Amino acid sequence: MNLFSEIRVAVIDALTAMQAEGKLPEGLDFKNVAVEPPRDALHGDMATNAAMVLAKPAKMKPRDIAEVLAVRLAEDARVDVAEVAGPGFLNLRLAPVLWQGVVKAALDGGQDFGRSTMGGNKKVNVEYVSANPTGPLHVGHTRGAVFGDALASLLDFVGFDVTREYYINDGGGQVDVLARSVYLRYLEAHGQEVAFPDGTYPGDYLIETGKALKEKVGTAYIDQPEDVWLQDVRLFATDAMMELIRADLKSLGVVMDKFYSEKSLYGTGRIEAAIAELDAKGLIYEGVLEPPKGKKPEDWEPREQTLFKSTEHGDDVDRPVKKSDGAWTYFAPDIAYHYDKVDRGFDMLIDVFGADHGGYVKRMKAAVSALSDGKVPLDIKLTQLVKLFKNGEPFKMSKRAGTFVTLRDVVDQVGPDVTRFVMLTRKNDAPLDFDFDKVLEQSKDNPVFYVQYAHARVCSVIRNAESAGITADDATLAAADLSKLDHAAEIAVARKLAEWPRLVEIAGRTNEPHRIAFFLYELAGELHALYYKGNEDTSLRFVQEGDADTSQAKIALARAVAVVISAGLGILGVTPAQEMR
RNA sequence: GGCCCCUUAGCUCAACUGGAUAGAGCAGCUGACUUCUAAUCAGCAGGUUGAGGGUUCGAGUCCUUCAGGGGUCGCCA
């Protein structure tokens with residue numbers, strides 16, 4: 001139930017009736033007519049821009065349209081007051097029974113209140129994390145993991161059929177580097193002194209893998225040339241790393257539906273097929289690229305390569321799919337992978353990348369556009385850097401020095417719930433400060449705590465009510481006489497609740513899960529505010545001694561807030577707190 | 001140099017994809033604790049939305065020029 005779209009229907013109906021009466025010209029497009037919460041609550045409960053949007057095509061003055069519309073809408077039983085304001089806004093004040101209905105809808109709907117069918121069950125593929133299988137996940141991956149996962153949940157909530165997918169980059173040269181590094185640890189496990197030259201991974205996390213390799217093959221690979229062991233160690237090492245990564249993701253509560261191997265694209269004709277598909281569209285040619293403008297690399301030499309004419313689909317320059325030695329570039333299997341996604345029948349694709357892949361966006365979109373004839377949209381969300389702080393001091397991570405902060409470090413210190421919530425309190429394309437001390441602080445400064453506290457507070461109120469002999473289970477609350485909820489302070493909370501279904505759709509349409517986090521923070525604020533009004537005006541307290549009926553109505557409102565917080569946290573992948581300690 | 005992202009209160013950030021007087025938190029100031037947990041609440045103060053131009057009934061939001069910050073730029077992935 002979305003009260004805003006319900007009232008919007010009433011507005012459209014009124015406009016249509018006005019056309020029938022000749023008060024508005026025929027043939028108007030109503031799609032830009034919006035019903036929104038006004039920025040200032042003093043203006044009313046809802047506002048519509050109908051008159052202003054239609055003024056120009058109708059060749060009428062906005063206020064004239066608004067006046068007629070106001071009269072019509074005022075006849076609707078759901079509308080208490082309709083008044084024209086400003087340049088032609090129409091402000092509506094709604095009957096209290098509507099807000100009471102929102103509370104009931106929240107209680108009846110439970111976790112599903114606000115769930116939408118907007119997505120029309122369309123198949124959408126969300127690809128995220130996709131970190132190289134060369135080591136444990138670090139903080140940067142954590143943000144992508146949390147963002148992608150929350151986005152997937154959000155899309156599910158608004159009615160898409162979502163697949164969560166991880167692309168394993170196990171086909172390129174970095175896997176050879178991994179294999180050589182594991183081999184060194186293997187020799188070390190056999191008691192040899194080893195050094196880690198440049199171009200190998202010196203991280204401690206491979207010690208165990210080296211030992212495990214020793215367990216498996218014994219002395220078989222000692223003093224053997226690379227061609228004897230490389231293939232096998234590659235496989236062994238990537239499997240071990242993926243196991244590590246899956247465990248990392250699990251500690252954060254992220255579970256993928258599918259892991260897709262880059263390697264599976266090689267030697268199976270799939271890359272060739274994808275490139276052939278582009279070739280059939282006349283988008284593949286042999287050519288020489290211009291050097292990058294302005295800055296010419298010193299070792300630049302013109303080379304003939306196989307190129308993809310990505311400029312035909314919005315890119316700035318054409319992109320190589322083959323290196324000058326004839327081997328595939330990284331881009332080629334990626335084209336094949338996205339071709340496969342299109343082939344699997346997804347209606348929409350979303351890739352979540354780190355900000356360092358920004359330069360990759362246009363060519364990937366070009367490829368998908370070409371391969372799907374523009375039918376499958378690809379949205380690429382870039383997650384910006386996470387800056388870490390401890391005791392107010394920034395600390396840097398350096399992969400080379402092996403001092404990088406892992407996902408596990410973060411989760412172990414602050415827990416998965418805090419990690420997830422904090423990572424979602426910023427837009428994905430804005431940098432994020434993550435302060436280990438602040439995120440654990442129990443104060444209003446810390447949004448995680450503030451929202452959790454609101455939920456816990458409701459749980460506490462219900463516990464108190466029950467110990468005072470007032471039944472407050474969900475079934476009882478849903479059946480309560482909500483007409484007792486008529487105080488402005490209570491209506492204000494219900495009004496916020498009414499925004500939830502609408503907000504969810506906006507967040508889903510824009511692929512912006514952070515909006516959920518911000519909304520929960522605001523909703524929590526409403527709850528805390530109402531709670532404290534009870535200190536000054538005891539008639540606003542949730543528990544009214546000796547009056548079970550009134551108490552149940554008021555607790556129903558509080559419970560509805562908890563239900564929405566719980567549903568919202570569910571989308572973010574955070575467990576609501578029952579009590580704070 | 002090309003391309004992408006960012007620039008909003010002293011600080012950290014919102015602003016419902018073009019709506020009304022740009023909102024929160026922190027820091028600062030004022031007030032409220034034998035409470036349905038004050039781990040919170042109420043209030044005050046704080047702004048030329050980086051700068052200029054444009055589009056229109058209306059711009060933080062769209063277009064354009066410029067400045068500053070970050071990322072990225074064939075044979076790495």
Side-chain angles (χ1 to χ4, degrees), chain A residues 4 32 34 36-40 43 47 49 52-53 55-56 61-62 85-89 91 132 134 169 171-175 262 288-297 299-303 305 307 315-317 319-320 322-327 329-331 333-334 354-362 382 384-385 425-427 429-431 433 438 441-447 449-450 453 456-457 460-465 468 499 502-503 505-507 509-510 514-515 518-519 521-522 525 528-529 531-536 538 541-545 551 554-555 558 579-581:
Chain A
F4 291 89
N32 287 330
E36 303 172 321
R39 199 173 269 188
D40 189 337
H43 291 137
N49 60 356
M52 283 181 295
V53 172
K56 201 167 195 178
K61 287 180 188 163
F89 281 100
N91 292 326
N132 291 344
T134 53
N169 291 128
Q174 82 281 5
V175 188
E262 177 193 357
V288 180
L289 280 177
E290 294 289 312
K293 282 169 190 159
K295 194 186 76 183
K296 192 168 176 175
D299 58 348
W300 175 267
E301 286 175 44
R303 298 259 168 92
Q305 292 173 284
L307 301 171
D315 203 355
D316 309 305
V317 288
R319 306 290 178 175
K322 273 188 184 176
K323 303 173 193 172
S324 51
D325 67 0
T329 60
Y330 173 76
F331 187 36
D334 230 351
D356 55 343
H357 283 64
Y360 209 65
V361 170
K362 281 191 176 182
L382 301 177
Q384 273 290 347
L385 234 59
T425 51
R426 289 286 173 274
K427 253 183 307 208
D429 54 8
D433 289 349
K438 219 167 199 176
E441 203 173 281
Q442 302 202 331
S443 74
K444 191 171 186 179
D445 194 18
N446 180 1
F449 171 78
Y450 191 72
Y453 185 39
R457 178 164 259 175
S460 168
V461 164
I462 290 174
R463 283 193 297 269
N464 279 320
E499 287 179 30
R502 180 169 176 275
L503 179 111
E505 292 197 348
I506 291 165
R509 214 170 13 246
T510 53
H514 77 276
R515 290 176 190 271
F518 279 100
F519 176 83
Y521 184 76
E522 289 167 12
H528 289 309
Y531 182 95
Y532 271 89
K533 287 201 174 96
N535 282 344
E536 287 152 23
T538 53
R541 296 190 170 198
F542 296 117
V543 178
Q544 299 288 319
E545 294 284 338
S551 297
K554 290 176 187 297
I555 296 168
E579 56 183 330
M580 306 302 291
R581 296 210 169 270

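Per chain, numbering begins at 1; letters A, B, ... match sequence-line order. Just so we're clear, the structure is a prediction, and the values are computed from it rather than from any experiment.
- Checked by atom type and distance alone, the side chain of Q305(A) pairs as donor or acceptor with a backbone atom of K322(A) at under 3.5 Å.
- Nearest nucleotide to the N91(A) side chain, out of A14(B), G19(B), A20(B): A20(B).
- Side-chain atoms of A529(A) lie closest to C41(B) of the nucleotides C3(B), A14(B), C41(B).
- The glycosidic torsion of U17(B) lies within 90° of 0, placing the base in the syn range.
- Between Y531(A) and P320(A), the residue whose closest nucleotide on RNA chain B is further toward the 5' end is Y531(A).
- Nucleotides A45(B) and C3(B), compared at atom C1', are 44 Å apart to the nearest Å.
- Rounded to whole angstrom, the span from the CD atom of E290(A) across to the C1' atom of C3(B) amounts to 16 Å.
- When Watson-Crick and G-U wobble pairs are counted only if both distances are under 3.5 Å, G1(B) pairs with C73(B).
- Of the candidate nucleotides C16(B), A77(B), G74(B), G74(B) has the atom lying nearest to any side-chain atom of R303(A).
- Of the candidates C3(B), A20(B), A77(B), C3(B) carries the atom nearest the D316(A) side chain, counting heavy atoms from C-beta on.
- C75(B) and U65(B) are spaced 30 Å apart, taking the P atom of each and rounding to whole Å.
- F542(A) CZ to Y531(A) OH: the interatomic distance, rounded to the nearest 0.5 Å, is 8.5 Å.
- Of all nucleotides listed (G71(B), U17(B), A77(B)), A77(B) comes nearest to the side chain of E262(A).
- Using modelled atom types, one side-chain atom of N49(A) and one backbone atom of A34(A) make a donor-acceptor pair closer than 3.5 Å.
- Following rounding to the nearest Å, Y521(A) (OH) and C16(B) (C1') show an atom-to-atom distance of 19 Å.
- In the set U40(B), G19(B), A15(B), the nucleotide with an atom closest to the side chain of F449(A) is U40(B).
- The CZ atom of R426(A) sits 17 Å away from the C1' atom of C5(B) (whole-angstrom rounding).
- Side-chain nitrogen and oxygen atoms of S460(A) include at least one within less than 4.0 Å of the OP1 or OP2 phosphate oxygen of U37(B).
- With a 6.0 Å cutoff to the six-membered ring centre and a 45° limit on the axis angle, R502(A) counts as a cation-pi contact of F4(A).
- Here G19(B) is the nucleotide among A20(B), C57(B), G19(B) with the atom lying nearest to any side-chain atom of V53(A).
- Looking at the side chain of D433(A), the nearest of the listed nucleotides C41(B), U17(B), U12(B) is U12(B).
- Here the CD-OG1 distance, from Q174(A) to T134(A), works out to 6.5 Å after rounding to the nearest 0.5 Å.
- The P atoms of G10(B) and G46(B) are separated by 11 Å, rounded to the nearest whole Å.
- A straight line from CG of L385(A) to C1' of C5(B) spans 12 Å, rounded to a whole angstrom.
- Taking the nucleotide of RNA chain B with the nearest heavy atom to each of K362(A) and N464(A), the more 5' of the two is matched to K362(A).
- Comparing the C1' positions of C66(B) and U7(B) gives a spacing of 14 Å, expressed to the nearest Å.
- G60(B) and A20(B): their C1' atoms are spaced 15 Å apart (whole Å).
- The CZ-C1' distance, from F4(A) to C16(B), rounds to 10 Å in whole Å.
- If you take atom P in C6(B) and the same atom in U64(B), they sit 14 Å apart, rounded to whole Å.
- N535(A) contributes no side-chain N or O that forms a donor-acceptor pair with the base of A32(B) under 3.5 Å.
- Which of C13(B), C5(B), U56(B) sits closest to the side chain of D429(A) comes down to C5(B).
- Nucleotide A42(B) forms a Watson-Crick or G-U wobble pair with U30(B), both donor-acceptor distances falling under 3.5 Å.
- In this structure, NZ of K322(A) is placed 16 Å from P of C75(B), rounded to the nearest angstrom.
- Between P38(A) and H43(A), the shortest heavy-atom distance links the atoms CB-CB, 4.0 Å.
- Atom CZ in F89(A) sits about 12 Å away from atom C1' in U21(B), given to the nearest Å.
- Side chain R502(A) to base C16(B): a donor-acceptor pair is found below 3.5 Å.
- What you find for E545(A) and A468(A) is that their closest heavy atoms are OE2-CB, 4.4 Å.
- If you take CG of N32(A) and P of G19(B), they are 11 Å apart, rounded to a whole angstrom.
- With P as the reference atom, C11(B) and A27(B) are 16 Å apart, rounded to whole Å.
- Nucleotide G68(B) is matched to C6(B) when pairs are restricted to Watson-Crick or G-U wobble geometry with both distances under 3.5 angstrom.
- Going from the C1' atom of U48(B) to that of U12(B) covers 22 Å, rounded to whole Å.
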